[in-house]
Amino acid sequence: MRKFLVVLDDSRECLNAMRFAAMRASHTGGGVAILSVIAPEEFNHWIGVGAVMREEARERIHAHFEVFAKWMRDKQDVDPELIIREGEAVQEIMSHVQNDPEIGVLVLGAAVDKKGPGPLVTQLTRTSGSLPIPVTIVPGDLSKERLEAIT
């Protein structure tokens, strides 16, 4: 089954990327893989403190995932999978794409503020030529109705 890989982070534009991935998966009989990356700099503390912080980050990711997963199951009839990796976001995304042959499309949300589309979109579009799959960039300010019309 072809899966849409979408990145779960704290950005506002993440919501539209999630919606798009779920709607496309629902309409095409695909699946959704949700990837969240825990940055290593979050744990540059004493070993005990770092372990507690890592566990708290994982709990926060699971809580956010469950919100999106419930919506995907209830509204789009898609049961997403959660992948949590630790490291630098772009490297971990690239690695996951290259190691999971079922990933067919990477879906990213683009910020709409004056600072640009966001660090992930900026960095991954620079290296998109080396990815074995297409990248879909979803504008963060699209309405639900427009997303439904597009998908």
Applying side chain to side chain donor-acceptor pair (under 3.5 Å), which residue pairs with at least one partner in residues 106-126 are found, sequence neighbours left out? none
Check whether more than 12 heavy atoms from other residues, nucleotides or ligands sit under 6.0 Å from atom NE2 of H96, and answer yes or no. yes
Quick one, R85 and L35 - any side-chain contact, counting heavy atoms below 4.5 Å? yes
Distance-only side-chain donor-acceptor flag, R58 / S36, under 3.5 Å: no
Does any N or O in the side chain of N99 come within less than 3.5 Å of the main-chain N or O of S95, such that one atom is a donor and the other an acceptor? yes
Return the minimal non-hydrogen interatomic distance between S130 and Q98, and the atom names on each side. O-NE2, 4.3 Å
Any sub-3.5 Å donor-acceptor pair from T28's side-chain atoms to R24's backbone N or O? yes
Would you please test E81 and K3 for salt bridge (charged side-chain N to carboxylate O under 4.0 Å, His left out) and show each step? CA-CA 10 Å; E81 68 176 296; K3 293 187 281 189; 2.7 Å; yes
Between V37 and V7, is there a side-chain heavy-atom distance shorter than 4.5 Å? no
Check whether H27 reaches the backbone of M23 with its side chain - one donor and one acceptor, N or O, closer than 3.5 Å. yes
Taking M18 as the fixed residue, which of V107, V67, V138, L8 is the one that meets the side chain to side chain contact (heavy atoms under 4.5 Å, CB included) rule? L8
Is atom CZ of R73 surrounded by more than 12 heavy atoms (other residues, nucleotides or ligands) closer than 6.0 Å? yes
At their closest point, which heavy atom of D9 faces which heavy atom of C14, and how far apart are they? OD1-CB, 3.5 Å
Qualifying residue, where the test is side chain to side chain contact (heavy atoms under 4.5 Å, CB included) with L108 and the options are N16, V6, V121: V121
Flag side-chain contact, heavy atom, 4.5 Å: L15 against F68: yes
Side-chain touch L124/M94, heavy atoms, less than 4.5 angstrom: yes
Rounded to the nearest 0.5 Å, the CD1 atom of I61 sits from the CD1 atom of I34 at a distance of 11.5 Å
Quick one: are E86 and P40 in side-chain contact, heavy atoms under 4.5 Å? no
To the nearest 0.5 Å, what is the distance between OG1 on T136 and CG on L5? 11.0 Å
In Å, rounded to the nearest 0.5 Å, how long is the span from NE2 of H62 to CD of E66? 8.5 Å
What is the minimum heavy-atom distance between G140 and V112, and which atoms define it? N-CG1, 3.9 Å
